[in-house]
Amino acid sequence: MKQRAKPIWLLGIILLLVACSPDTERESIKPEKGPPSPKEEEPIRIGFSMDTLLEERWLKDRDLFKEAVEALGAEVEIFAANGDDALQISQAERLIQSGVDVLVIVPHNAEATAAIVHKAHLAGIQVIAYDRLVKNSDLDLYVSFDNEQVGEMQAKAITELVPKGNYVIIGGAITDNNAHLLKKGVFKVLRPYIENGDINIIYDQWTKDWTPVNANANMEEALRTTNLQIDAVIAANDATAGGVIEALEAKGLAGQIPVAGQDADLAGVQRIVKGTQTMTVYKPIHMLSEEVAKLAVSMAKGENINAGQKVKNGKIEVPSVLLTPIPVNKSNLNTTVITDGFHSEEEVYQE
Ligand code: BGC
């Protein structure tokens, strides 16, 4: 069968017309370029490298931070190293390699984690220290509660009850800068009492990894070496206060010797209700997690960060945001921890 000849001359004319038409018209037949629509944009990704999830407060931090980041339309990837420095570094490396936009870190070890800041910076990623400072590094931002003030609040509450006597200090982990800040605050208040001879520090020890079991061993040692001659105890947090109170219970002294803690852990506030712990310091975690989420997302967008304070970390003055803690005892438990929904009334007052 004879094929029909193609009208090649017609195709030639069309191509010529297209080639000669003005640029604007030519653009209109190309696929649209321009900026991608919001739907096509990759969401901001925040990496969250945590020391541990083995304590009540950090579970709250994890959940509230995730919620706050997601409420801002960003994503968060979370790792917890449970007190292992090498693991925290390798987990942070994974986050860096995965290309997070900003890295947020709760350091287990204030010094060792400087390596993480360095590695993140080599990859062009900024780093925020969450609750605990990273020392000797070019840290970009530090957001926490005023930890020195926490120590002052503890010591003020206890000296009001025991202005004279033998004091035991059960510190936090020596590897955590917050433990040092707390002690600084405690001694700021105690110093005049110590200098005029009213207060004797008869035992003062750090607690490895802040664990109740290590605090319990320290308190047993304090009781043994002082022959039970103890009038007051300042414990660095509610976990360590728990270990202290167990040791006092074993000697029949719980409820007779004032004990301070911090965190408003459920067990801590229950002990306050029971009368075996005197006070705690409440730090509304939602404020911290929301602040860090907001600042991390702003940083990822390249916006200017408004951090009013500066904290020295041994290398630089780190732009910082320090939130205000709240001392809590039996008299204001309801109007603070319970009103805020940090714990429910049923949980706190359960038998
Ligand atoms: C935090 C405390 C916490 C402690 C142990 C500190 O850095 O500020 O709130 O109890 O670590 O995890």
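All ligand and atom numbering here is 1-based and tracks the order in the structure. Values below: all heavy atoms of this structure, side chains included; hydrogens, waters and symmetry mates excluded. Small disclaimer: the values here were computed from a predicted structure and weren't measured.
To the nearest 0.5 Å, atoms CD (Glu56) and CG (Asp61) are separated by 11.0 Å.
Distance from atom 10 (O) of ligand 1 to its nearest protein heavy atom, with residue and atom name: Asp263 OD2, 2.4 Å. Scanning the protein heavy atoms around atom 8 (O) of ligand 1, the nearest turns out to be Asp131 OD2, 2.8 Å.
No side-chain N or O of Glu249 forms a donor-acceptor pair with one of Thr276 less than 3.5 Å apart. Neither side chain, Arg62 nor Ser289, offers a donor N or O lying under 3.5 Å from an acceptor on the other.
For ligand 1, the atoms sitting less than 4.0 Å from at least one non-hydrogen atom of Asp176 are 6 (C), 7 (O), 11 (O), numbered in the order shown with element in parentheses. Proximity to Trp58 (heavy-atom distance under 4.0 Å) selects the following atoms of ligand 1: 11 (O), 12 (O). Remark: ligand 1 atoms within the under-4.0 Å shell around heavy atoms of Asn237 are 3 (C), 4 (C), 5 (C), 10 (O). Set against the non-hydrogen atoms of Arg132, the atoms of ligand 1 under 4.0 Å away are 4 (C), 5 (C), 6 (C), 7 (O), 11 (O), 12 (O). Listed by number with element, the atoms of ligand 1 under 4.0 Å from a non-hydrogen atom of Glu55 are 5 (C), 10 (O), 12 (O). Of all atoms in ligand 1, listed by their number and element, those nearer than 4.0 Å to a heavy atom of Lys283 are 1 (C), 2 (C), 8 (O), 9 (O).
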Is there a side chain to side chain contact (heavy atoms under 4.5 Å, CB included) between Glu75 and Glu70 once you walk through the steps?
CA-CA 6 Å; Glu75 288 176 357; Glu70 287 174 355; over 6 Å; no

Would Leu87 and Asn82 count as a side chain to side chain contact (heavy atoms under 4.5 Å, CB included) if you check the C-alpha gap in whole Å, the side-chain angles of each, and the deciding distance to 0.1 Å?
CA-CA 8 Å; Leu87 183 59; Asn82 294 332; over 6 Å; no

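Ligand 1 has no atom lying under 4.0 Å from any heavy atom of Phe145.
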Which side-chain N or O atoms in residues 170-177 pair as donor and acceptor under 3.5 Å with protein atoms at least two apart or in another chain?
residue: Asp176; atom: OD1; partner: Asn178; partner atom: N; Å: 2.8
residue: Asp176; atom: OD2; partner: Arg132; partner atom: NE; Å: 2.8
residue: Asp176; atom: OD2; partner: Trp210; partner atom: NE1; Å: 3.1

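Residue contacts with ligand 1, taken as heavy atom pairs separated by less than 4.0 Å, do not involve Asp51 at all.
Of the listed residues (Asp265, Leu266, Val259, Asp238), just one forms a side chain to side chain contact (heavy atoms under 4.5 Å, CB included) with Arg271, and that residue is Asp238.
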